[in-house]
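Structure record follows, encoded as structure tokens.
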Amino acid sequence: MYSLTRKHKLLITLTGLALGALGMHAGAQDAYPNRPITLVAAFAAGGGTDVIARYVAQELSKELGQTVVVTNVPGAAGVIGTQQVARAKPDGYTLLLGAQSTAGTVPAMRLKMPFDPIKDLMPIVYLMSQPNVFVVNPALGVKTMADFVKLAKTRPGVMNYSTSGVGSWGHFATEQLFADLGIKLTHVPYTGTNEALLAVVKGDVQALFSSIPVAIPHLNNSAIVPLGVSSSTRVPFLPGVPPLADLVPGYNMGPWNGIWGPANMPDNVVEALVRASRKMLNNESMRKFAEDKGSTLINMSRDEFIRFIDKDAESWRKMVVTAGIERM
């Protein structure tokens, strides 16, 4: 009969412990998520991205079976909130509801970034794109974009426009539009879309691109005047507002949103997030939300999202040059 030596018994015991530890590790991975997830909205509360973040958190919570809590970390066109996520522990419990500024407009604008948007962030899913509406203060007395252009040309260096920050989508889109129209206005950056829009309502600045959901209450009160939408066609919520492409052929721009996490998240976590996000995008409630906000859901694969980010970033880098935006 074979008899186990003390050495053999110790080896078996250690092997059993190791296998047990591996089992526990695998179980812990399979359990994701087992506590609340923080979704950082890198823009101010009340803006278009914040509205999307809160609905996405609600729907993603259902798919993941765990609470998703939105935290607003505004500032520097999304840089501050994005940096917080880039430096977070890569365990899937800190995510970013970002925009085109995350890896596109801001890196194109800045000579130096506090993080690398490609190396320090991991794309999860593209959510949606949405046209914006170009609005002005009623005191200008203009009703069309053509009238606005004529007025701007008579007041060089006098009129101004607001955005949610230097390097934001609004900054790039407006400068590109003005370059195409041959006019120049002074840029006045704010910390969020809401503040930038209120500045136009109060007459502190004359114009801006606003997300449609944020603009609609002020449009209904005639506190601002819509001159054009940034898409190539009219949008259902503003059927009477022409596309800016009518005046600038080929003009078709709109901000977009997606979800990122810190780089180096485990594969099982990424897979769980992608799976839940794709299911969320196929929900009727999510489709209705996007439709009500004048947005378009884009259900692309994660690989397609990564390729899209690269292409989008390149287009913003070129726009910096063509629009004459000074890098900082």
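Computed from heavy atoms alone, side chains included, the values below leave out hydrogens, waters and symmetry copies.
- We find the CZ-CZ distance between Phe115 and Arg87 to be 9.5 Å, quoted to the nearest 0.5 Å.
- The shortest side-chain heavy-atom distance between Val270 and Arg302 falls under the 4.5 Å cut-off.
- With hydrogens and angles disregarded, a donor-acceptor distance shorter than 3.5 Å links the side chain of Ser162 to the backbone of Ala196.
- With hydrogens and angles ignored, the 3.5 Å screen pairs no side-chain donor or acceptor of Asp312 with any backbone N or O of Phe308.
- With respect to Leu227, the side-chain contact (heavy atoms from CB on, under 4.5 Å) criterion is satisfied by exactly one of Val149, Leu244, Leu247, Val142: Val142.
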### Audit row: Met145, Val248, side-chain contact (heavy atoms from CB on, under 4.5 Å) steps and yes/no
CA-CA 10 Å; Met145 196 66 191; Val248 182; over 6 Å; no

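- Side chain of Tyr32 to main chain of Gly92: a donor-acceptor pair is present (N/O by atom type, distance under 3.5 Å, no hydrogens or angles).
- For Asn283 (side chain) and Ser285 (main-chain N/O), no donor-acceptor pair under 3.5 Å exists by modelled atom type.
- One N or O on the side chain of Asn137 and one on the backbone of Val200 form a donor-acceptor pair closer than 3.5 Å.
- Arg287 contributes no side-chain N or O that, together with a main-chain N or O of Asn282, makes up a donor-acceptor pair within less than 3.5 Å.
- Residue Asp267 qualifies as open at atom CG: its count of foreign heavy atoms under 6.0 Å is 12 or below.
- Residue Arg327 comes nearest to Ala108 through the heavy atom pair NE-O, 3.1 Å, listed as atom of the first residue, atom of the second, then distance.
- Between Phe209 and Phe134, the ring planes are perpendicular. Angles over 60° get that label, and only those under 30° would be called parallel.
- None of Ile124, Thr102, Val73 except one satisfies the side-chain contact (heavy atoms from CB on, under 4.5 Å) rule with Leu96; the exception is Thr102.
- The backbone N or O of Val68 lies less than 3.5 Å from a partner atom in the side chain of Ser61, making a donor-acceptor pair.
- Checked by atom type and distance alone, the side chain of Tyr251 never pairs as donor or acceptor with a backbone atom of Pro243 at under 3.5 Å.
- The residues Glu291 and Lys288 are annotated as not salt-bridged, no charged nitrogen and carboxylate oxygen being separated by less than 4.0 angstrom.
- Side-chain N or O atoms of Gln206 include none that pairs as donor or acceptor with a backbone N or O of Val136 at under 3.5 Å.
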### Task
Determine, stepwise, if the pair Val241 / Leu219 fulfils side-chain contact (heavy atoms from CB on, under 4.5 Å).
CA-CA 11 Å; Val241 182; Leu219 291 171; over 6 Å; no

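- Between Tyr126 and Glu304, the closest side-chain pair of non-hydrogen atoms is not below 4.5 Å.
- In the hydrophobic clustering of ILVMFWY residues, with side-chain heavy atoms under 4.5 Å counting as a link, Phe148 and Val133 come out apart.
- For the residue pair Pro262 and Thr94, the shortest heavy atom distance occurs at CD-O, 3.3 Å.
- Other residues, nucleotides and ligands contribute more than 12 heavy atoms inside 6.0 Å of the NZ atom of Lys62.
- Ionic pairing of Arg317 and Glu314 is present here: one or more N-O contacts between side-chain nitrogen and carboxylate oxygen are shorter than 4.0 angstrom.
- Across all their heavy atoms, Tyr190 and Ala199 have their closest contact at OH-CB, 3.3 Å.
- Under a 4.0 Å N-O distance rule, the pair Glu59/Arg54 does not qualify as a salt bridge.
- Asn160 places no side-chain N or O within 3.5 Å of a backbone atom of Leu185 that could act as its donor or acceptor partner.
- Aromatic ring orientation, His187 versus Tyr161: parallel (interplanar angle below 30°, classes split at 30° and 60°).
- For the residue pair Ser210 and Thr193, the shortest heavy atom distance occurs at OG-CG2, 4.5 Å.
- Atom CH2 of residue Trp256 and atom OG1 of residue Thr296 lie 15.0 Å apart, to the nearest 0.5 angstrom.
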